[in-house]
Amino acid sequence: MYPVPVAGSCEFLVTSGSTMAAVEVARQMSEGARNLSLSGHVGFDSMPDQLVNKSVCQGFCFNILCVGETGLGKSTLMDTLFNTRFEGDPAAHNQPGVHIKSNNYELQESNVRLKLSIVNSVGFGDQINKEESYKSIVEFIDAQFEAYLQEELKIKRTLHSYHDSRIHACLYFIAPTGHSLKSLDLVTMKKLDSKVNIIPIIAKADSISKNELQKFKIKIMSELVSNGVQIYQFPTDDETVAEINGTMNAHLPFAVVGSTEEIKIGNKMMKARQYPWGTVQVENENHCDFVKLREMLIRVNMEDLREQTHARHYELYRRCKLEEMGFKDTDPDNKPFSLQETYEAKRNEFLGELQKKEEEMRQMFVMRVKEKESELKEAEKELHDKFDRLKKLHQDEKKKLEDKKKSLDDEINAFKQRKTAAELLQSQAQQSGSQQTLKREKERKNNPWLCTE
Ligand code: GTP
Ligand code: MG
């Protein structure tokens, strides 16, 4: 049951239905809002001031990614852009791959504080095999989006104090070859264009002649278009900046020169690069596009770059990620699908899968048990057979031995009988012998004339 406000009034209806129904009613209600005129000052016209004050209080953050080959003047340009010297140890260029180095700074101009992150792709283009050069850059950008998404998905979010490390602008430094883009540049920009606002710049533009530079710019733009690389376009929908942004879009890629060296020109100190044949003034629009870049990147479009990062690039990452996780806004019939419904559908799907897995495991277990059982039965049968064989063998052996024993017993008995008979005969013989001796003895006594033999 939801209390639903009735369009154009303060009454509430108590109705039943899903969250989606309540959302739909709220939408209808906002469409049906009536225009009323005020009869006196209320004060909500101070909202823009309130917003400005709050923003100034909170401060701003801006994250720049510099991508470009070693020694193209990335660090020098950053120092020149922000009128400072961002100290940082020079990076080693003998690494096996590209690695990302991020430095955070706090800057203040008037009462506006800026948290600035300068991210460098160290070792970009240094490897012999450059196939994977873009990977660590893409991974870094995604990791920042992921961190923000994780914060957003928390039950207890602290987005107002969260240090947003998402990349707002990628300055892509192109070597001033005067020929065309290298395949490394095209591949890298193509991989990055859906993740970050790319602003291509021709580095060290003082090393290329005016005519060559014009041709080089045209060549670069046509190559970007033919390869479908989307670079950041300065927005022309806000009429206050539409004209300047429109003009500047036609100047892309900016050809820049960087220098922190100040040289006295006339009676003014100016950032310049001095050569035996003359001086290149960094902030002179006839010499290079540095001022145009600073104007577009910092002074006019910094907020749009932040907004585009959130509304376009982060939104795309978030959408893909949530879709990957199974969330969607509409069901298969294209009807709106609330987060709760998605969650329940996903939960049911998960439970179904779990049940299926459980059933599969159970069947597998039963099958295994049956297999084991039949294996055991087989082994038992084999053991029984073996036992029977051994038993029979034992019985045969026993019988043979008994037979042998019987025949031996018979032999012994026969021998005993023969022995007894022999003894009997012997004693009879002895007996008859002694009777004859006695008889002769008697005869001799009776007849002493009988001579003895
Ligand atoms: P790694 O961080 O080592 O990749 O170099 P990097 O791109 O940061 O270049 P860095 O700013 O260190 O400059 C390298 C050299 O180029 C230095 O000697 C700079 O003085 C010089 N340099 C920088 N900007 C320009 C430029 O606009 N024109 C010319 N001609 N030289 C420049
Ligand atoms: Mg550097």
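Residue numbers run from 1 in the order of the sequence given. Atoms within a ligand are numbered from 1 in the order they appear, just like the ligands themselves.
Distance check on atom 17 (C) of ligand 1: every protein heavy atom falls at or beyond the 4.0 Å cut-off.
If you check which protein heavy atom lies closest to atom 26 (C) of ligand 1, you get Lys204 CG, 3.5 Å. Protein heavy atom at the shortest distance from atom 4 (O) of ligand 1 is Lys74 NZ, 2.9 Å. Of all protein heavy atoms, the one closest to atom 9 (O) of ligand 1 is Gly73 N, 3.1 Å. Residue, atom and distance of the protein heavy atom nearest to atom 14 (C) of ligand 1 are Gly71 O, 3.8 Å. From the protein, the heavy atom lying nearest to atom 3 (O) of ligand 1 is His93 NE2, 2.7 Å. Protein heavy atom in closest approach to atom 23 (C) of ligand 1: Thr76 OG1, 3.4 Å. Closest protein heavy atom to atom 2 (O) of ligand 1: Ser75 OG, 3.9 Å. Of all protein heavy atoms, the one closest to atom 25 (C) of ligand 1 is Arg273 NH1, 3.5 Å.
For Thr76, every N, O or S atom stays at 2.8 Å or more from the Mg ion (ligand 2).
Look at Glu69 and Lys182 and you find a salt bridge, because one of the NZ, NE, NH1 or NH2 atoms lies within 4.0 Å of a carboxylate O, short of that distance. A salt bridge links Arg306 with Glu303; the closest basic N to acidic carboxylate O contact falls under 4.0 Å.
Aromatic ring centres of Phe62 and Phe60: separated by at least 6.0 Å.
By the 3.5 Å distance cut-off applied to N or O atoms, Leu72 is counted among the residues near ligand 1.
Under the 30°/60° scheme for interplanar angles, the aromatic rings of Phe82 and Phe86 are found to stand perpendicular.
Contacts with ligand 1 closer than 4.0 Å are made by heavy atoms of both the backbone and the side chain of Val257.
With Tyr162 as the aromatic partner, Arg157 does not meet the cation-pi criteria of under 6.0 angstrom to the ring centre and within 45 degrees of the ring axis.
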Residues 254-279 side chain polar contacts: donor-acceptor under 3.5 Å, at least two apart:
residue : atom : partner : partner atom : Å
Ser259  : OG   : Glu261  : N            : 3.1
Ser259  : OG   : Ala272  : O            : 2.8
Thr260  : OG1  : Arg85   : NH2          : 3.0
Lys271  : NZ   : Asn83   : OD1          : 2.4
Arg273  : NE   : Tyr275  : OH           : 3.1
Arg273  : NH1  : Gly258  : O            : 2.8
Tyr275  : OH   : Asp206  : OD2          : 2.3

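The shortest separation from a heavy atom of Tyr275 to ligand 1 is under 4.0 Å, placing the residue in contact.
Between Met78 and Lys74 the shortest side-chain heavy-atom distance does not fall below 4.5 Å.
Between the side chain of Ser180 and the backbone N or O of Glu223, no donor-acceptor pair lies under 3.5 Å.
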- Quick one: do Gln355 and Glu359 satisfy side-chain hydrogen bond (donor to acceptor under 3.5 Å, both in side chains)? Show the steps, please. CA-CA 6 Å; Gln355 252 173 7; Glu359 183 58 27; over 6 Å; no
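Taking a cut-off of under 4.0 Å to the non-hydrogen atoms of Gly258, the atoms of ligand 1 that pass are 24 (N), 25 (C), 26 (C), 27 (O).
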